[in-house]
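I have placed the structure first, in the form of structure tokens, so that the comments after it can refer back to it.
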Amino acid sequence: MRTQSGMAANTASQKSRAFVILISCVAAIGALLYGYDTAFMSGAIGFMQSHFGFGAAMEGFVVSSILIGGAMGVLFSGSLSDKIGRRKVLAISGIIFGVATIICATANSLSAIIASRMFGGLGIGAASVLSVAYISEVAPPSIRGRLATLYQFAVAVGIVGAYFVNLAVVSLGTHKWEVSTGWRYMLIAGAIPAFLYFVFLLFVPESPRWLQMSGRETEAFQVLEKINGTEIAHQELNDIKKSTEQQTHSLTEVLKPGIRRALAVGIVLAVLQQFVGINAIIYYAPQVFQAAGAHGHTAFEVTVLIGVAGFLGILCSMWLIDKVGRKPLLLFGAAVMALALIGVGIAFNAHASVYLTIGLIFVFLFGFNISVGPIVWVLLSEIFPNLTRGLAMSIATFFMWVANWVVSQSFPVLLNQIGLAGCFWIYAVFCVVTFVFVLRSVIETKNKSLEEIEKLWI
């Protein structure tokens, strides 16, 4: 028979877990903005191209222009969040993206669209670093992987949401209306979650690790106590103190032996996450499916169905990441993606059924979302020391955004020059490289505190 004290402790534990899940979900909305922008352009870019009359090279630049701003946002967000806090920078990022989206949707020139997308990129870039960093800094070790995976889940929600918005818009009017006006509706819908993000962030606490590093120990303890209970809060606060006693925020600290190795692993993982070609498919989904044999609105409908693969993969990842670990899932996903992309290339060259090609792309997206998609973000938020986490994540994520820009800028040109099969075979090679790198260089972080992970490198 359960005692009253045991029942009370269980109730408190449930409340603590509910609290940390709630604030993690709020932080993850920043990833939803990233996912929405990534996917809505797949439907809008064809109509924008007809409206403004630009070619393949400019198509790539319009799509990837937000990544230029994103890279800049990534660079300033880490150091700025170290100074004023994770939550404040996340709130600012929501406002920036919301305002930029409205400007872009109402712009009448291509230069204004590109400029507003670069501006919006500042917000998305900042959120891409700090959403998952915040989640990792508030989450208990036993569920940190699952909660940090919320970032990629929110990306998937944004992607699927954009696909449904795109499909709804193309169903509203004629092709002429879609070219002149419809694509603007696809853009402006993204402002709604951006402003909600800002409002929700007003009600979540600051990261306890940032509070401690800023000399606000009492507040840090209060947040830790609400998440973990009094006893664990005392222990965790002591661990945070020890890990921050003799460190600085400087680039010199990031480049010290051990931490330098962690940074190198983070950068390579970040680049490989993009070079496997995920955003070539997400940004240009209708064009990919049209090249594979789906035409007209069917390409948009198939794109919505493909979004399901992202959900299935990320749900499996959330279920497995704290059970089997980060490294096994990365290896499994890299192998699945490589085989799927090789199959896509063969099917396309053999003029196989469009449904076979779509099925293989579905498998690729499932493989990405069960492994490389969420787990790279999780690892980037885990492998760096407390005081250098913001700066180190900014550096690694900057390389991710640059790699994203390279893929999105080059895909339309590569598609014209070497075809869909050639593009996918190139991406398959990077999946193999990912498998080998993870096997040789990535450490397992399952069930370890952030302070314990720090000691593994040093």
Side-chain angles (χ1 to χ4, degrees), residues 74-75 77-79 81-82 86 128-139 141 144-145 147-149 151-152 207 209-210 212-213 236 239-275 321-322 325-331 334 371-403 433-458:
V74 162
L75 284 180
S77 61
S79 57
S81 73
D82 286 339
R86 318 301 196 211
S128 72
V129 175
L130 297 178
S131 292
V132 70
Y134 176 88
I135 293 171
S136 286
E137 289 182 347
V138 300
R144 188 179 60 242
L147 291 179
T149 305
Y151 180 89
Q152 191 66 25
S207 158
R209 284 173 169 80
W210 181 84
Q212 173 59 34
M213 290 184 290
E236 193 160 5
D239 289 341
I240 295 170
K241 286 181 183 178
K242 291 177 183 177
S243 75
T244 58
E245 280 176 351
Q246 296 179 333
Q247 296 180 5
T248 67
H249 294 273
S250 69
L251 184 61
T252 303
E253 185 68 34
V254 176
L255 296 178
K256 283 185 176 180
I259 301 175
R260 182 173 61 207
R261 181 181 163 218
L263 181 62
V265 169
I267 289 172
V268 174
L269 283 174
V271 170
L272 289 174
Q273 188 205 54
Q274 298 302 312
F275 277 6
I321 188 169
D322 288 320
R326 284 62 159 155
K327 192 168 182 175
L329 280 181
L330 281 174
L331 293 171
S371 62
V372 176
I375 296 175
V376 167
W377 284 112
V378 173
L379 287 173
L380 289 181
S381 69
E382 291 179 330
I383 62 177
F384 303 121
N386 285 318
L387 268 177
T388 59
R389 183 170 296 112
L391 179 58
M393 280 194 71
S394 291
I395 295 170
T397 311
F398 172 78
F399 280 93
M400 180 187 291
W401 279 78
V402 171
V433 173
T434 300
F435 183 94
V436 174
F437 179 77
V438 169
L439 186 65
R440 299 184 61 178
S441 303
V442 173
I443 62 172
E444 181 56 67
T445 59
K446 181 184 72 167
N447 289 334
K448 294 180 175 65
S449 73
L450 296 178
E451 290 69 38
E452 288 172 330
I453 296 168
E454 177 181 338
K455 293 175 183 177
L456 292 177
W457 297 110
I458 298 173

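What you are looking at is a predicted structure, and each value in this text was computed from that prediction instead of being measured. These numbers come from the heavy atoms of this one structure, side chains and all, not from hydrogens, waters or symmetry mates. We number each residue from 1, following the sequence as shown.
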### Summary
Scanning both residues in full, the closest heavy-atom pair of Y134 with S207 reads CE1-N, 3.7 Å

## Note on the structure
For M393 and A133 the tightest heavy-atom approach is SD-CB, 3.6 Å

### Message
Check whether R86 reaches the backbone of I135 with its side chain - one donor and one acceptor, N or O, closer than 3.5 Å.
### Response
no

### Message
Check this for me: does any side-chain nitrogen of one of R209 and E236 sit under 4.0 Å from a carboxylate oxygen of the other?
### Response
yes

### Message
Check whether K327 reaches the backbone of I443 with its side chain - one donor and one acceptor, N or O, closer than 3.5 Å.
### Response
no

### Query
Do L272 and V372 touch side chain to side chain, with heavy atoms closer than 4.5 Å?
no

### Query
Looking only at heavy atoms, what is the nearest atom pair of L75 and F398, with distance?
CG-CD1, 3.5 Å

### Task
Check A270 against L380 and note the closest heavy-atom contact, atom names and distance.
CB-CD1, 4.5 Å

### Task
List in chain and number order the residues that pass side-chain hydrogen bond (donor to acceptor under 3.5 Å, both in side chains) with T434, two or more places apart in sequence or in another chain; answer none if no residue qualifies.
none

### Message
Please determine whether side-chain contact (heavy atoms from CB on, under 4.5 Å) holds for the pair R326 and L379, giving the CA-CA distance in whole Å, both sets of side-chain angles, and the decisive distance to 0.1 Å.
### Response
CA-CA 8 Å; R326 284 62 159 155; L379 287 173; 4.0 Å; yes

#### Entry: Side-chain heavy-atom pair R261, S441 within 4.5 angstrom cut-off
no

### Which atom of S81 lies closest to which atom of L130, heavy atoms considered
OG-CD2, 3.4 Å

### Query
Any donor and acceptor pair, going by atom type alone, linking the side chain of S381 with main-chain N or O of V378 inside 3.5 Å?
yes

### Distance in Å, R144 CZ paired with K446 NZ, rounded so as to fall on 0.5 Å steps
12.5 Å

### Query
Does the pair V438 and L269 meet the rule for a side-chain contact (heavy atoms from CB on, under 4.5 Å), with working shown?
CA-CA 8 Å; V438 169; L269 283 174; 4.1 Å; yes

### Message
I need the minimum non-hydrogen distance between G373 and Q273, along with the two atoms involved.
### Response
O-NE2, 3.0 Å

### Heavy-atom donor-acceptor pair, W377 side chain to T149 backbone, under 3.5 Å
no

### Value rounded to 0.5 Å, distance of CZ in F399 from CD in Q274
14.0 Å

## Note on the structure
F275 meets the ring-ring contact (aromatic ring centres under 6.0 Å, His included) criterion, sequence neighbours left out, with F430

### Message
Could you check whether atom CZ of F437 has more than 12 heavy atoms from other residues, nucleotides or ligands sitting under 6.0 Å from it?
### Response
yes

### Message
Is it the case that the side chain of S77 and the backbone of V74 share a donor-acceptor pair, with hydrogens and angles ignored and the cut-off at 3.5 Å?
### Response
yes

